[in-house]
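Every number for a ligand or one of its atoms is a count from 1 in the order of the listing.
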Amino acid sequence: MILLINGKSHEGKKRILPVSLLAVAATFDGKLPYEILDGNHMDDPVEEIATHVARTGARILAFTVMPGPQTASSFELTVALKQRFPDLIVIWGAYFPTMYPRATMSCPGVDYAVRGYVGLDLADWLKSLLEGSPILCLPGLVYRDPESGDLVQNPMSRLVDINTLPPFPYHAVDMEYYMRPTFLGSRTISHHISLGCPFKCGFCGVVAMVNGKTSAERADVGAAGVARLVEEYGANAIEFNDNNFFLGEARTQAFCKAIAHLGIRWWAYGRADTLDKYSDETWAAMADSGLHMIYIGAESGSDETLRKMNKGGKQSVNGVLKLAETMKRHGIVPEFSFIIGNPPDPVADMEQTLSFILKIKEINPLSEIILYSYTPVPQEGEMLAAAQEAGFAFPDDVQDWSSEHWQRICRRREGELPWITPEIRRKLINFRLVMDSAFPTNTDGNLKAWQKLVLQAAGGWRLRSNFHAAPYDLRLLNRLIPFQRPETAGF
Ligand code: B12
Ligand code: SF4
């Protein structure tokens, strides 16, 4: 028996379908025995998983691990469960081990790390582990050499063709439980119809995963997957987690036409320069298919910063403004995300982005604004070089990665980074509070219309007069009207 574990990744009770584990399970569903366990919804994950191990006689615990809170929870679970069941084989997969294989293997109790996306060969490898004679040639595998104890890292596999993968084994989870109400619809579910991204932005973890490769379901295959969620499970809204959904205009148009009759509302990630090239006909097809909002990495109000970020393609500040206008015309909401507080001059960077955001809001007042702070990823480029010059270094072991300090950094919200002095940090926190109040998100279904108006009034005058200092009024207001930001835990 293999237990696939989703360690706690977010605060609160939000029921987010563990798609990563469904994608892993799809590769061996029907061939090997497994269960999916979601630590996000357990009161005492160590006890509950231990009970499952004892009940099922599980031999393998396989964790999906993102940097941030999920690293800390997976670390805690691994150590505690391995102590109780020393014969368990523990595997970590997903973004954390892909980017930080050495730190992963520093975790007491982790036997193997798997880097990158998985393919159908995963089944043979897991079977070999269950049979006690491990095959060690799996692409992306990281292991300790049985004789020398040295770490060995196999080259990562080529990105798998998503069209060759079996469908998600939804029977392995309680789909009804994961249908959640959001601003999109009363029964929202996560899904994706492509993998990877052809770009190599200097701040993005996806690059380590695919190195510029991408694989997309054909429009008819993608539409069939959506129809399954609607017709078999009653979904009426979909949050597409594809890294870069809108690659290929013809495919997008065909997909939108093929799902239009399903009557869903949906959300996805896209790039401004790709979308800027779309024809009005494609935009109309997207609107008709129920596309409600697109998350777009606008990143900065400066073309020079976009260049430093290696944003690539034809992305530009003017292109983002043009897109804000196009989307207004077609009634699709842009959710623009920005990375503020970049080295070497975080305050000047923040000010520049602020004036750009105001321009966007003038053109399209419904635009949603998301603010992140730059968190380095292990990828060569000007951003990482500037961070390292300022004294930044990645931790070597998983215990450090699991600390509160590093969890804050991974969450991309004002962690203590070397170029962020306490003074700058205070400025960034204040700035963010003013922005979040002036532009409350429409994705938080708990915020009532009058609460939004109060927040807008309280934050708006500060924003207009560029007065961010000492926002005690907003702090108090935020306590009375707690609002949730989509950048921390989705919507
Ligand atoms: C949904 C999602 C979430 C959900 C929860 C996901 C979950 N697992 O519980 C929520 C909203 C909670 C979330 C939160 C955060 N997220 Co998030 N999230 C995503 C998103 C959009 C989709 C994940 C997904 O389903 N992918 C599809 C599946 C199929 O791909 P996959 O996860 O990579 O899985 C494949 C492989 O990795 C591998 N694999 C995965 N697990 C395992 C396990 C084993 C055993 C094996 C062998 C293989 C394996 O096989 C899978 C199939 O091939 C991704 C972007 C993306 N498209 O991947 C970002 C992403 C993973 N998140 C990211 C970030 C930064 C965060 C946050 C820090 C955001 C924040 N500001 O707080 C938090 C951190 C939470 C934490 N660490 O605990 C970054 C990570 C980048 C990085 N530097 O590592 C990503 C890549 C977004 C981005 N482009 O920057 N996230
Ligand atoms: S376009 Fe988006 S997903 Fe692709 S590398 Fe850049 S930030 Fe990452």
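For the pair Met209 and ligand 1, a heavy-atom separation below 4.0 Å is found. In this structure, Gly116 counts as a contact residue of ligand 1, since one of its heavy atoms falls inside 4.0 Å of the ligand. The closest approach between a heavy atom of Pro18 and any atom of ligand 1 is not below 4.0 Å.
For the pair Arg408 and Glu416, the salt-bridge criterion is met [side-chain N within less than 4.0 Å of a carboxylate O]. In this structure, Glu131 does not pair ionically with Arg59, as no charged nitrogen and carboxylate oxygen lie closer than 4.0 Å. Between Asp111 and Lys82 there is a salt bridge, with a side-chain nitrogen of the basic residue lying less than 4.0 Å from a carboxylate oxygen of the acidic one.
Proximity of Cys197 to ligand 2, defined as any heavy-atom pair under 4.0 Å, is confined to the side chain (atoms from C-beta onward). Only the side chain of Phe203 comes within 4.0 Å of ligand 2, judged by heavy-atom distances. Contacts between Asn241 and ligand 1, counted as non-hydrogen atom pairs separated by less than 4.0 Å, involve both the backbone and the side chain. Heavy atoms of Asn6 found under 4.0 angstrom from ligand 1 belong exclusively to the side chain.
At least one N or O atom of Asn243, backbone or side chain, sits closer than 3.5 Å to an N or O atom of ligand 1. The shortest N or O to N or O distance between Tyr269 and ligand 1 is not below 3.5 Å. Backbone and side-chain nitrogen or oxygen atoms of Arg411 are examined, and one is located within less than 3.5 angstrom of a nitrogen or oxygen of ligand 1. The distance criterion of under 3.5 Å between nitrogen or oxygen atoms is met by Gln70 with respect to ligand 1. Here's the thing with Asp242: none of its N/O atoms is less than 3.5 angstrom from an N/O atom of ligand 1. Among the atoms of Arg412, some N or O lies under 3.5 angstrom from an N or O of ligand 1. Between Gly205 and ligand 1, a contact under 3.5 Å exists for no N or O pair. Among the atoms of Val118, some N or O lies under 3.5 angstrom from an N or O of ligand 1. Note: an N/O pair closer than 3.5 Å links Tyr95 and ligand 1 by distance alone. At a 3.5 angstrom cut-off on N or O pairs, Ser9 counts as close to ligand 1.
Between Tyr100 and Phe394, the ring centre distance stays below 6.0 Å. Between Trp92 and Tyr112, the gap from one ring centroid to the other reaches at least 6.0 Å.
Counting only N and O atoms by type, the side chains of Trp267 and Glu335 include a donor and acceptor under 3.5 Å apart. Side-chain N/O atoms of Asn211 and Lys200 include a donor and acceptor closer than 3.5 Å.
Taking every non-hydrogen atom of Arg271 and a distance limit under 4.0 Å, the qualifying atoms of ligand 2 come out as 1 (S). Atoms of ligand 1 found under 4.0 Å from any heavy atom of Met99, numbered from 1 in the order shown, are 82 (C), 83 (N), 84 (O).
With a 6.0 Å cutoff to the six-membered ring centre and a 45° limit on the axis angle, Arg271 does not count as a cation-pi contact of Phe246.
Side-chain contact between Met156 and Pro139: absent, with no pair of heavy atoms (C-beta onward) separated by less than 4.5 Å.
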